[in-house]
Amino acid sequence: MAGTYEIVAEELQADPAVRTGVMFGHRCLKTGRRMFACEYEGELLVKLPPERRQELEAQGARPFTPMGRPMTGWILVAEPADDAVAAWVDLAEEAKAFVAEAA
């Protein structure tokens, strides 16, 4: 049985602009050359604008700080108990749109 991230990745790859890659040894999703979402130790790591990251932090998400250093623009979101696939697909789609705009 596929995990939540695998299902999310499969759904997003329906977009021909989305492909897979690796970031910090973890599977990630890219559009063009820009990464926008990654599975990181069972959580969803997404690149989003500051105001959206703040909203998510207020809901329990946390900044991404690999090796103790903050990685600007990225936030870790735990798998929600309810409808995890839909929630993560929505976040990954937001992240994809955000990095596409920034390109």
Side-chain angles (χ1 to χ4, degrees):
M1 181 172 172
T4 302
Y5 178 81
E6 290 81 11
I7 297 167
V8 169
E10 186 174 314
E11 284 196 30
L12 269 84
Q13 288 177 75
D15 177 346
V18 174
R19 58 193 177 90
T20 61
V22 177
M23 181 171 94
F24 299 116
H26 297 267
R27 298 163 298 168
C28 72
L29 297 171
K30 302 161 93 171
T31 184
R33 295 181 51 185
R34 308 191 97 189
M35 290 177 274
F36 65 89
C38 180
E39 180 279 324
Y40 191 83
E41 298 179 0
E43 295 183 295
L44 182 67
L45 176 63
V46 286
K47 185 168 184 118
L48 292 168
E51 61 279 358
R52 184 64 172 123
R53 290 192 317 270
Q54 289 171 351
E55 288 175 18
L56 291 169
E57 279 186 64
Q59 298 169 12
R62 59 196 204 309
F64 183 52
T65 55
M67 297 174 280
R69 293 185 174 153
M71 193 163 165
T72 305
W74 292 88
I75 191 153
L76 278 168
V77 180
E79 186 171 336
D82 296 326
D83 210 357
V85 169
W88 277 10
V89 165
D90 289 347
L91 282 172
E93 288 284 3
E94 275 186 65
K96 179 177 76 169
F98 174 65
V99 302
E101 288 171 13

Q) Do the side chains of Pro80 and Trp88 get nearer than 4.5 Å, heavy atoms only? A) yes

Q | Partners meeting salt bridge (charged side-chain N to carboxylate O under 4.0 Å, His left out) with Lys96 (sequence neighbours left out) | A | Asp15, Glu93

Which donor-acceptor pairs under 3.5 Å do the side chains of residues 57-74 make with protein atoms, sequence neighbours left out?
unit_1: Arg62; atom_1: NH1; unit_2: Glu43; atom_2: OE1; d: 2.6
unit_1: Arg62; atom_1: NH1; unit_2: Glu43; atom_2: OE2; d: 3.2
unit_1: Arg62; atom_1: NH2; unit_2: Glu43; atom_2: OE1; d: 3.3

**Q.** Side chain proximity check, Leu45 to Tyr5, heavy atoms < 4.5 angstrom
**A.** no

Q.
Tell me whether Arg19 contacts the main-chain N or O of Gln13 through its side chain, where contact means a donor paired with an acceptor under 3.5 Å.
A. no

Q.
Minimum heavy-atom separation for Val85 and Glu11, please, with both atom names.
A. CG1-OE2, 3.7 Å

Q | side chain to side chain contact (heavy atoms under 4.5 Å, CB included) between Val18 and Phe36, worked out | A | CA-CA 10 Å; Val18 174; Phe36 65 89; 4.1 Å; yes

Q. Does any non-hydrogen side-chain atom of Glu94 lie less than 4.5 Å from one of Leu48?
A. yes

(Q) I need the Leu56 CG to Glu51 CD distance, nearest 0.5 Å. (A) 11.0 Å

Q | Any Glu55 side-chain heavy atom under 4.5 Å of Ile75 side chain | A | no

Q: Would you indicate whether Glu10, at its atom CD, is surrounded by more than 12 heavy atoms from other residues, nucleotides or ligands within a distance under 6.0 Å?
A: no

Q: Would you name the heavy atoms of Thr20 and Leu29 that are closest together and state the gap between them?
A: CG2-CD2, 4.1 Å

**Q.** Sub-4.5 Å side-chain heavy-atom contact between His26 and Glu41
**A.** yes

(Q) Does any part of the side chain of Met23, heavy atoms only, come nearer than 4.5 Å to the side chain of Lys30, both counted from C-beta? (A) no

